[in-house]
Amino acid sequence: MSETLKRLDQEHTNGERAIRHLEHLMIAYEVMGESRREAFENAVGRYVEFYLSHMGLEEQTILPAAKAHLSPEDWAELDQAFAENRDPLAGHGSLETYQPVVQKSCKKPRRRLAWADHAAA
């Protein structure tokens, strides 16, 4: 379990870096247009694969272990910590910041992305 937790911690750090990279690519696509689309789409695809793998590890390994070992008091403390640190990418808060690039991306037909089928499932 220790190695899994170390891996997840490192992935959290890498995930933050990946989000910053996506932000830069998104701005480049938004400002410079079609010439930056493929780089942005490829990076989004890689991030989605990373994110789904990461969440799978948390849900399949960490949560079952937590259910087996944490007390009701521990869960209350965790609930409070998560309530104070809502993630807009996980369905909390506002995603309005990303709306212009989403709208721009949806206006033009494009090739089907392999990760889109997996993410929609």
Side-chain angles (χ1 to χ4, degrees):
M1 183 62 71
S2 176
E3 289 304 312
T4 301
L5 292 172
K6 286 179 187 176
R7 173 183 163 188
L8 289 171
D9 189 46
Q10 184 62 47
E11 287 181 359
H12 286 153
T13 300
N14 293 342
E16 291 172 16
R17 224 176 281 130
I19 289 292
R20 282 193 304 277
H21 182 65
L22 282 175
E23 288 172 341
H24 292 143
L25 291 173
M26 180 181 70
I27 291 168
Y29 173 47
E30 187 175 26
V31 171
M32 300 173 84
E34 195 63 31
S35 67
R36 300 302 176 114
R37 178 189 203 115
E38 185 175 356
F40 175 63
E41 286 182 347
N42 289 339
V44 168
R46 286 189 303 274
Y47 183 79
V48 168
E49 289 175 14
F50 156 78
Y51 184 80
L52 293 174
S53 172
H54 178 86
M55 293 304 294
L57 184 58
E58 288 183 341
E59 291 171 357
Q60 296 167 11
T61 302
I62 301 303
L63 288 178
K67 285 180 182 179
H69 298 286
L70 296 180
S71 70
E73 294 80 17
D74 294 329
W75 284 109
E77 187 177 334
L78 285 170
D79 286 344
Q80 181 64 34
F82 277 98
E84 292 171 2
N85 295 289
R86 297 282 185 157
D87 181 357
L89 296 178
H92 306 287
S94 175
L95 291 176
E96 289 178 15
T97 304
Y98 304 103
Q99 201 59 30
V101 78
V102 170
Q103 288 176 347
K104 185 175 183 176
S105 296
C106 293
K107 284 182 183 175
K108 297 183 181 182
R110 62 181 184 261
R111 63 182 166 76
R112 182 85 177 147
L113 300 173
W115 57 265
D117 294 327
H118 183 68

What are the two closest heavy atoms between Leu25 and Ala39, and how far apart are they? CD1-O, 3.9 Å
Roughly how far apart are Glu77 CD and Leu70 CG, rounded to 0.5 Å? 10.0 Å
Check side chain to side chain donor-acceptor pair (under 3.5 Å) between Gln80 and all other residues, then give those that pass, not counting sequence neighbours. Glu84
Side chain to side chain contact (heavy atoms under 4.5 Å, CB included) with Ser53: which residues, sequence neighbours excluded? Arg7
Going by salt bridge (charged side-chain N to carboxylate O under 4.0 Å, His left out), name the pairs with one or both residues in residues 50-67, residues two or more places apart or in two chains. none
Can you list the residues that meet the side chain to side chain contact (heavy atoms under 4.5 Å, CB included) rule with Ala18, with sequence neighbours excluded? Tyr47
In chain order, what residues pass the ring pair (Phe, Tyr, Trp, His ring centres under 6.0 Å) check against His12, with sequence neighbours excluded? His54
Audit row: Arg37, Glu34, salt bridge (Lys or Arg N to Asp or Glu O under 4.0 Å) steps and yes/no: CA-CA 5 Å; Arg37 178 189 203 115; Glu34 195 63 31; 3.2 Å; yes
Does Tyr29 share a hydrophobic cluster with Val48, counting links as ILVMFWY side-chain heavy atoms below 4.5 Å and allowing steps through other members? yes
Arg36: salt bridge (charged side-chain N to carboxylate O under 4.0 Å, His left out) partners, not counting sequence neighbours: none
Could you tell me whether Arg46 and Glu49 make a salt bridge, using a distance below 4.0 angstrom between a side-chain N and a carboxylate O? no
Just to verify, what does Glu73 make a side chain to side chain donor-acceptor pair (under 3.5 Å) with, not counting sequence neighbours? Ser71
I need the Leu63 CG to Leu57 CG distance, nearest 0.5 Å. 10.0 Å
May I ask you to decide if Leu5's main-chain N or O and Asp9's side chain share a donor-acceptor pair within less than 3.5 Å? no
Not counting sequence neighbours, which residues clear side chain to side chain contact (heavy atoms under 4.5 Å, CB included) with Ile27? List them please. Val31
Just verifying a value: how many Å separate His24 NE2 and Phe40 CZ, rounded to the nearest 0.5 Å? 13.0 Å
Residues passing the side chain to side chain donor-acceptor pair (under 3.5 Å) test with Asn14, sequence neighbours excluded, are Gln10, Arg17
Give the cluster check for Met55 versus Ile62: same hydrophobic cluster or not, with ILVMFWY residues linked at side-chain heavy-atom distances below 4.5 Å. no
Mind checking what makes salt bridge (charged side-chain N to carboxylate O under 4.0 Å, His left out) contact with Glu3, not counting sequence neighbours? Lys6
